[in-house]
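Values in this document were obtained by computation on a predicted structure and should not be read as measured data. For this chain, numbers begin at 1 and follow the sequence in order. All heavy atoms count here, side chains included; hydrogens, waters and symmetry mates do not.
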Amino acid sequence: MEAHEDYVWPRATSELILLPVTGLECVGERLLAGEGPDVLVYSLDFAGHLRMMKRVQNLLGHYLIHGFRVRPEPNGDLDSEAMVAVFGSKGLRIVKLSWGQGRFRELWRSGLWNMSDWIWDARWLEGNIALALGHNSVVLYDPVIGCILQEVPCTDRCTLSSACLIGDTWKELTIVAGAVSNQLLVWYPATALMDNKPVAPDRRVSGHVGVIFSMSYLESKGLLATASEDRSVRIWKVGDLRVPGGRVQNIGHCFGHSARVWQVKLLENYLISAGEDCVCLVWSHEGEILQAFRGHQGRGIRAIAAHERQAWVITGGDDSGIRLWHLVGRGYPGSGVSALCFKSRSRPGALKAVTLAGSWRVLAVTDTGALYLYDLEVKCWEQLLEDKRFQSYCLLEAAPGPEGFGLCAMANGEGRVKVVPINTPTASVDLTLFHGKVYSVSWALRGYEELLLLASGPGGMVACLEISAAPSGKAIFVKERCRYLLPPSKQRWHTCSAFLPPGDFLVCGDRRGSVLLFPSRPALLKDLGVGGKAVVGTGAPGVGSGSGGDENASAEWGPVSALHSLHGKQGVTSVTCHGGYVYTTGRDGAYYQLFVRCGQLQPVLRQKSCRGMNWVAGLRMVADGNMVILGFHANEFVVWSPRSHEKLHIVSCGGGHRSWAFSDTEAAMAFAYLKDGDVMLYRALGGCTRPHVILRESLHGREITCVKRVGTIILGPEFEVPSFVQPDHLEPGSEGPSLIDIVITCSEDTTICILALPTATGSARALTAVCNHISSVRAVAVWGIGTPGGPQDPRPGLTAHVVSAGGRAEMHCFSIMVTLDPSTPSRLACHVMHLSSHRLDEDWDRLRNRRRMVKVDPETRYMSLAVCEFDKPGLGPLVAAACSDGAVRTRGGSCSSWLKPSTTSGVFSRSTPSRMKHPTSGGDCFCVAQPPMAAWPSGISPLCWTMAPLPSSPQRTLAFPTGWAPPA
């Protein structure tokens with residue numbers, strides 16, 4: 001031991017820091033971002049977007065960067081190099097940067113200077129730099145020799161919450177200080193008769209009722225903007241602040257934030273503010289809100305910057321994300337709700353249903369059986385047909401497809417369905433399919449090759465109609481292909497349908513919340529070798545003109561696979577097939593990812609939508625490969641992006657219980673609904689997406705509670721990850737294959753993130769996020785780490801089992817598979833499959849009279865997890881969870897069983913563990929023997945462990961099959 005006393009242990013250095021972004025500044029065509037003590041440098045590329053050039057690590061030591069101040073150049077040229085003052089807390093450092101010809105270099109840096117007080121603002125003055133300090137004093141600093149030239153305090157030595165320095169020379173330097181007394185103090189340091197002589201404030205400005213956090217001065221218009229703790233932004237007319245004795249007038253009092261306002265910035269035509277509510281607002285100088293940017297998570301937006309020539313606003317948040325937004329006029333086109341003025345004497349009757357054929361044609365039907373068309377280019381209503389048989393009850397649904405694809409279907413309460421060509425309504429085709437009411441109709445389109453219409457009738461019968469067009473295009477043919485039979489339920493009709501590529505199966509959702517898989521042609525059942533059950537029926541009672549029958553029309557085919565009540569009792573709202581997966585949405589506030597294997601539907605992952613959206617109406621895949629969620633949030637229709645956590649569009653429509661329709665194309669997005677007897681239309685050019693750029697992905701919005709490293713993936717040169725480190729700056733030994741660490745993090749924001757950390761780039765990539773928990777996630781455990789193809793598979797990849805636990809005594813188990821995907825920025829794709837879940841009080845939620853009963857299980861939180869793997873084949877791991885009620889709960893033996901206490905106790909040290917055989921697998925598991933009753937304190941229940949089966953769920957025993965690969 002004595003021989004090692006003089007050994008100097010190596011000091012660990014940080015390779016990557018993910019912290020809140022606290023400073024942003026635009027420098028010509030560059031963006032500087034402060035993250036902790038590190039500086040991120042972004043450059044404008046030829047496509048008009050910012051890309052990351054360099055990360056300068058540990059520039060400010062142990063201080064957090066709060067701001068950047070660029071020294072003005074005489075010729076105004078900052079495209080090649082710049083001198084930048086970086087400050088934060090009590091630290092200051094000057095650095096000279098060069099970024100010409102797309103290459104970043106650090107030419108020179110000063111020492112790290114530690115000031116005696118907090119630095120609130122900095123300003124360059126003829127080669128020197130002035131600093132506004134935390135107790136209302138100003139320091140003139142020489143950055144070359146690193147010494148203080150002059151320090152001037154104010155007579156009011158109060159603590160400041162913000163400050164703003166104005167002027168280009170020491171003689172005209174003005175400081176506007178935000179005091180803790182909620183006042184603005186304006187004073188002039190150059191009026192001091194001698195050094196260290198206090199200067200009295202020239203003006204005191206009152207108005208805010210809270211601490212002032214930020215201020216911004218626009219010299220060209222003589223305006224000053226302030227942001228405060230009172231959730232407001234004020235605009236002051238101050239004129240030229242460099243002239244003493246001026247008048248200050250409050251010309252605007254802006255309320256729009258729901259929490260404290262952290263930052264404010266004045267531009268020539270706009271005012272930008274951002275606050276604790278994670279919203280960035282764009283105001284006019286008159287106080288009108290022009291735009292609202294939402295997308296950051298957590299506790300607020302800490303930094304804002306603006307590029308007026310590009311009309312950009314850049315925001316940095318507590319979630320470590322950086323986003324770029326377009327101001328009005330350059331990016332997101334205006335949109336709004338307009339009434340289509342249906343009410344007229346020439347159009348009798350009341351509106352019953354509305355739908356959209358593309359994004360520029362609206363169809364509506366009245367209680368007189370009249371079908372009307374509104375063309376947005378012509379801007380007038382046109383009657384297509386009128387049929388009295390559809391006057392009392394009528395369903396209306398337009399066929400999906402590109403703009404101008406003109407078919408719609410009408411159904412009534414007598415079993416009749418009418419297929420109407422929109423361009424030639426006289427060629428419509430009538431069919432009588434049932435003896436009773438038609439409950440629902442839906443379309444299924446397979447490219448341009450096949451179009452089906454599904455209609456639900458009494459007894460769970462679904463008629464499948466095949467639609468084809470005549471060669472002339474002026475007539476259509478409708479042929480009944482087959483009939484399906486839905487599983488028994490109280491509300492027995494289908495709600496949506498879609499083709500499963502390549503087109504052998506139809507995926508349907510029903511009103512009971514089940515997802516069903518039917519063959520698109522019954523003859524395929526024999527070829528594919530999957531089970532399907534046919535029930536002999538009475539067939540159709542009659543058909544109209546243009547229809548035909550075959551041998552399959554008299555038999556009802558049951559589903560070959562079914563996931564019963566997947567979305568609860570409120571029903572499935574949409575089915576979408578994309579990328580080899582099936583996505584379903586429902587009115588339970590969630591959407592599922594499924595895949596079909598050997599003719600069977602298997603759930604992969606359940607995800608929650610945004611908070612408060614209990615009615616998920618559908619989802620769309622946009623051009624950039626991401627997904628947007630459609631749904632209703634209270635009385636609003638919302639288009640929400642899971643990737644950016646942003647509400648892209650909000651329409652106050654009154655809720656989804658009335659007739660509505662949605663359409664999205666590359667040209668425009670449209671949403672139509674009925675209100676006050678008229679058709680209301682919301683239309684936005686450019687589709688669902690918003691023209692903003694995520695420069696850096698958000699991590700978590702709240703505290704990170706646990707981090708686990710899964711493993712490392714080695715990528716060859718053909719999968720090289722783009723790096724902003726220049727080739728001549730690579731450290732020795734860094735050549736060769738790229739190493740990417742896979743890390744799992746969980747947080748109090750109820751999410752679990754799977755991150756890729758490439759060693760060559762110094763940046764983190766979020767592969768996916770799991771949002772299954774209903775409360776905070778406290779712990780994560782990983783086991784069973786391997787490769788997708790087994791030990792003999794040389795391809796890069798990673799598989800693992802993950803269990804997560806947290807608040808509300810909730811635990812989830814899922815598998816992850818990380819594979820190569822050259823199309824993504826990280827060159828990796830992560831596939832998640834949910835295996836099982838458990839809550840101690842999930843049975844309590846199902847009790848009808850629980851308000852009259854005493855809850856046995858407390859509101860327990862899982863605090864920590866530990867996993868013990870056994871060498872015995874076939875025996876699952878033992879997962880132990882430390883709980884907030886003083887108990888340790890374990891899961892062991894078979895994956896289909898959970899160990900949980902039958903009673904709860906605050907005392908665990910009195911229990912004695914004993915070994916017993918698992919009743920189903922034969923493996924060893926531990927129980928806690930009950931001690932004598934006299935040994936327990938009064939009022940405390942004894943603790944014993946019992947075996948409880950995992951609640952029945954379609955996700956119960958799913959796992960990635962051996963050799964399984966994600967769908968192409």
Side-chain angles (χ1 to χ4, degrees), residues 13-14 16-27 30-42 54-71 82-97 106 108-124 128-143 146 148 151 159-165 175 177-178 211-216 227 262-265 274-276 298-305 314-322 696:
T13 59
S14 299
L16 176 65
I17 297 180
L18 297 177
L19 293 174
V21 179
T22 53
L24 289 172
E25 186 71 25
C26 288
V27 185
R30 310 292 186 272
L31 173 68
L32 303 179
E35 181 190 21
D38 295 355
V39 176
L40 310 179
V41 183
Y42 291 85
K54 181 68 175 179
R55 171 189 286 268
V56 182
Q57 292 187 346
N58 203 30
L59 183 65
L60 215 57
H62 59 282
Y63 296 119
L64 300 181
I65 295 175
H66 288 158
F68 304 90
R69 295 297 181 265
V70 182
R71 187 179 70 181
M83 185 78 75
V84 183
V86 185
F87 66 92
S89 301
K90 298 182 180 180
L92 173 69
R93 172 166 276 168
I94 312 298
V95 60
K96 188 173 184 180
L97 305 176
E106 184 180 331
W108 172 81
R109 72 164 64 179
S110 68
L112 179 61
W113 297 311
N114 300 307
M115 298 297 158
S116 60
D117 210 340
W118 195 282
I119 302 174
W120 279 119
D121 195 15
R123 189 168 183 87
W124 287 93
N128 298 324
I129 189 168
L131 304 175
L133 300 184
H135 281 81
N136 210 4
S137 64
V138 176
V139 169
L140 184 63
Y141 201 85
D142 188 338
I148 297 177
E151 181 175 1
T159 302
L160 302 184
S161 56
S162 60
C164 179
L165 294 172
I175 177 175
V211 174
I212 300 169
F213 291 122
S214 176
M215 58 187 72
S216 177
W262 296 131
Q263 294 290 333
V264 67
K265 191 174 186 63
E276 195 176 19
R299 305 191 178 216
I301 299 175
R302 291 291 180 176
I304 57 175
I314 302 101
T315 57
D318 270 345
D319 56 359
S320 73
I322 304 176
R696 179 170 168 175

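- Checked against side-chain contact (heavy atoms from CB on, under 4.5 Å), Glu35 has the following partners two or more places apart in sequence or in another chain: Leu18, Leu19, Leu40, Arg55, Ser320, Arg696.
- Note that CG of Leu64 and OG1 of Thr22 are 5.5 Å apart. Values are rounded to the nearest 0.5 Å.
- For the pair Pro37 and Leu59, the minimum side-chain heavy-atom distance is 4.5 Å or more.
- With a 4.5 Å cut-off on side-chain heavy atoms, Ser89 and His66 count as touching.
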- Message: Run Ile119 and Leu133 through side-chain contact (heavy atoms from CB on, under 4.5 Å) and show every step you take.
- Response: CA-CA 5 Å; Ile119 302 174; Leu133 300 184; 4.0 Å; yes

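- In this structure, the side chains of Ile314 and Ile304 stay at 4.5 Å or more apart for every pair of heavy atoms.
- Asp38 places a side-chain N or O within donor-acceptor distance of the main-chain N or O of Asn58, the cut-off being under 3.5 Å.
- The shortest heavy-atom contact between Ala305 and Leu24 is CB-CB, 3.8 Å.
- In this structure, Ile94 and Trp108 have side chains that are in contact, with non-hydrogen atoms separated by less than 4.5 Å.
- Contact of the Arg93 side chain with the Leu60 side chain is registered, since non-hydrogen atoms from C-beta on lie closer than 4.5 Å.
- Residues forming a side-chain contact (heavy atoms from CB on, under 4.5 Å) with Arg69 (at least two apart in sequence, or on another chain): Glu25, Ala85, Phe87, Asp121, Ala122, Trp124.
- With sequence neighbours left out, Asp142 forms a side-chain contact (heavy atoms from CB on, under 4.5 Å) with Asn128, Val144, Ile145, Cys147, Leu149.
- Legend: residues meeting ring-ring contact (aromatic ring centres under 6.0 Å, His included) with Tyr141, ordered by chain and number and at least two apart, are Trp113.
- Panel note: side chain Asp117, backbone His135; a donor-acceptor pair is recorded below 3.5 Å.
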- Query: side-chain contact (heavy atoms from CB on, under 4.5 Å) between Val56 and Arg109: does it pass, once the steps are laid out?
  - Reply: CA-CA 12 Å; Val56 182; Arg109 72 164 64 179; 3.8 Å; yes

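- Val27 has its side chain out of reach of Phe68: every pair of non-hydrogen atoms, C-beta onward, lies at least 4.5 Å apart.
- With sequence neighbours excluded, the residues satisfying side-chain contact (heavy atoms from CB on, under 4.5 Å) with Trp262 are Phe213, Arg260, Glu276, Arg302.
- The two residues Gly23 and Ala303 come nearest to each other via the heavy atoms N-CB, 3.7 Å.
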- Query: Would Leu160 and Trp118 satisfy side-chain contact (heavy atoms from CB on, under 4.5 Å), going step by step from the backbone distance to the final call?
  - Reply: CA-CA 9 Å; Leu160 302 184; Trp118 195 282; over 6 Å; no

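- Partners of Lys96 under the salt bridge (Lys or Arg N to Asp or Glu O under 4.0 Å) rule, at least two apart in sequence or in another chain, are Glu81.
- Checked against side-chain hydrogen bond (donor to acceptor under 3.5 Å, both in side chains), Arg123 has the following partners two or more places apart in sequence or in another chain: Asp168.
- Atom CH2 of Trp120 and atom SG of Cys164 lie 13.5 Å apart (nearest 0.5 Å).
- For Ala132 against Ile175, the heavy-atom pair with the smallest separation is CB-CD1, 3.9 Å.
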- Task: Using the side-chain contact (heavy atoms from CB on, under 4.5 Å) rule, take Ile148 and Leu140 through it: C-alpha gap first, then chi angles, then the decisive distance, then the call.
- Result: CA-CA 6 Å; Ile148 297 177; Leu140 184 63; over 6 Å; no

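- In this structure, the side-chain hydrogen bond (donor to acceptor under 3.5 Å, both in side chains) partners of Asp319, at least two apart in sequence or on a different chain, are His296, Ser698.
- A distance of 9.5 Å separates CD in Gln263 from OG in Ser162, rounded to the nearest 0.5 Å.
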